[in-house]
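Data block below; observations after.
Just so you know, residue 1 is the first one in the sequence shown, and it goes up from there.
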Amino acid sequence: SVIVLTVFIFYPYLTSLLLALVFSVTFRPLHRWVSRIFSNRDQASSISTFITLLIVAILVITPLIFLGRQIYSESASLYYSLTEEGQRSHIISTLNSFSQALSARFFNAFPAYDFSSLNVTTYIQNFLEWSFANLDTIFSSVSKLAFQIFIMLFALFYLLRDGRKLRNALIALSPLLDTYDEKIIIKVRQAIKSVVAGSLVVSVIQGILTGLGFYIFGVPNPALWGSFAVVAALIPGFGTSLVLVPGIIYLFLESTQIHAFGLLAWGILAVGLIDNYLAPVLMNRGIQIHPFIILLSVMGGLAFFGPIGFIAGPLIVALLAALFEIYKETR
């Protein structure tokens, strides 16, 4: 009963603690490097740990806060613009013109579709309404978000500084043999590196490049669509194309063909090469998990845990894979 009560006490801070754990494993090499410079390789030094924390905050947390604000404002702006009748009529008129031009190019073998009977903007509005509602939940309470970030940084400080002591304490408390405990810890670390530094980091990079391409070639709301590309990039093979192709079609309809071909080339070279070359390098550092399993774990994690499920889902599945691997080795 005491353990259950303790779980309930720590449950409100599960998101912050989980992020701190992931960041402590991901930025452990950075902490070792800082310790060599400022504390003569003493990783338990508070000074080197605090400097590492500042670097993490500058490199990761600060850009995420500004990006989150930008995504929130863009989603709100796009949603409210689609509720205007003039904008809805413009979208339907543009789609009808494109349908007629496409039909004429194929010598009217296929009749042009009249989008006036299909309220496309209703589907777009429903999708954006769902996205905006979730973003509103995340960013509605600034003080709560700031407090969660503070708890995460506080936990990250102690995990970096006292990680070795905590590891030894867990091994001493575990009923398993110390060799099995060491294997589990190593496998969990590999799982975090494989999933977080592999699939998730690659998908974030692809999302950033997609948003940057949209910004360069004139597609509206690039931060919003770039955030959708982050999730879509988890789909193996063609994930980012689910966001890039509509952007290319938009440029064909609204802008010059040069911009559309430019975005197409950007998607093939900048975004596609990341998936083909960077992903295998990062994924080979840890446990191998099929991209489709990672996609399901992300979607299931988001549905079960909320926003933190983007990391918690793959991490739990990776931990399960690690335990299965240890089970096979120890049979």
Side-chain angles (χ1 to χ4, degrees), residues 1-28 44 49 53 56 61 133-134 136-196 199-200 286-287 289 293-331:
S1 60
V2 175
I3 295 176
V4 174
L5 289 175
T6 305
V7 171
F8 277 110
I9 290 173
F10 285 103
Y11 183 77
Y13 312 108
L14 177 63
T15 298
S16 300
L17 296 176
L18 185 58
L19 284 176
L21 174 63
V22 171
F23 283 158
S24 67
V25 174
T26 305
F27 291 100
R28 178 65 64 178
T49 306
L53 207 63
V56 172
I61 299 174
N134 283 274
D136 188 58
T137 302
I138 298 173
F139 298 107
S140 58
S141 178
V142 178
S143 59
K144 182 179 179 181
L145 179 63
F147 182 70
Q148 291 283 1
I149 293 176
F150 173 77
I151 293 294
M152 189 273 291
L153 291 175
F154 212 77
L156 178 60
F157 176 85
Y158 287 108
L159 285 174
L160 288 174
R161 194 191 69 173
D162 304 325
R164 191 177 298 276
K165 294 180 181 178
L166 178 61
R167 171 178 173 166
N168 294 335
L170 289 175
I171 292 175
L173 289 173
S174 174
L176 300 176
L177 295 175
D178 289 352
T179 55
Y180 292 168
D181 292 331
E182 291 285 351
K183 285 185 178 181
I184 291 175
I185 292 174
I186 292 173
K187 293 298 182 183
V188 169
R189 187 188 301 121
Q190 289 179 344
I192 292 175
K193 290 181 179 180
S194 176
V195 175
V196 177
S199 296
L200 298 187
I287 297 174
I289 301 177
I293 301 299
I294 294 178
L295 172 65
L296 292 180
S297 65
V298 168
M299 303 306 294
L302 288 172
F304 190 78
F305 295 104
I308 191 58
F310 188 79
I311 294 177
L315 188 57
I316 292 173
V317 173
L319 177 59
L320 179 63
L323 293 176
F324 275 135
E325 192 170 329
I326 293 173
Y327 174 74
K328 288 193 299 183
E329 292 178 359
T330 55
R331 285 187 60 184

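- Partners of Phe157 under the ring-ring contact (aromatic ring centres under 6.0 Å, His included) rule, at least two apart in sequence or in another chain, do not exist in this structure.
- The line from CZ of Phe150 to CZ of Phe147 is 7.5 Å long, rounded to the nearest 0.5 Å.
- Taken from CG in Leu5 to CZ in Phe10, the straight-line distance is 12.0 Å, to the nearest 0.5 Å.
- Tyr158 is linked by a ring-ring contact (aromatic ring centres under 6.0 Å, His included) to Phe154, counting only residues two or more places apart in sequence or in another chain.
- For Ile171, the side-chain contact (heavy atoms from CB on, under 4.5 Å) partners at least two apart in sequence or on another chain are Arg167, Asp178, Asp181, Glu182, Ile185.
- Residues Leu21 and Leu17 form no side-chain contact, since every pair of their non-hydrogen atoms from C-beta on lies 4.5 Å or further apart.
- With sequence neighbours left out, Ser24 forms a side chain to side chain donor-acceptor pair (under 3.5 Å) with no residue at all.
- Considering only residues two or more places apart in sequence or on other chains, Ala20 meets the side-chain contact (heavy atoms from CB on, under 4.5 Å) condition with Met152, Ala155, Leu156, Leu159.
- For Leu320, the side-chain contact (heavy atoms from CB on, under 4.5 Å) criterion is met by Phe324, not counting sequence neighbours.
- Taken to the nearest 0.5 Å, the CG atom of Leu19 stands 10.0 Å off from the CG atom of Leu153.
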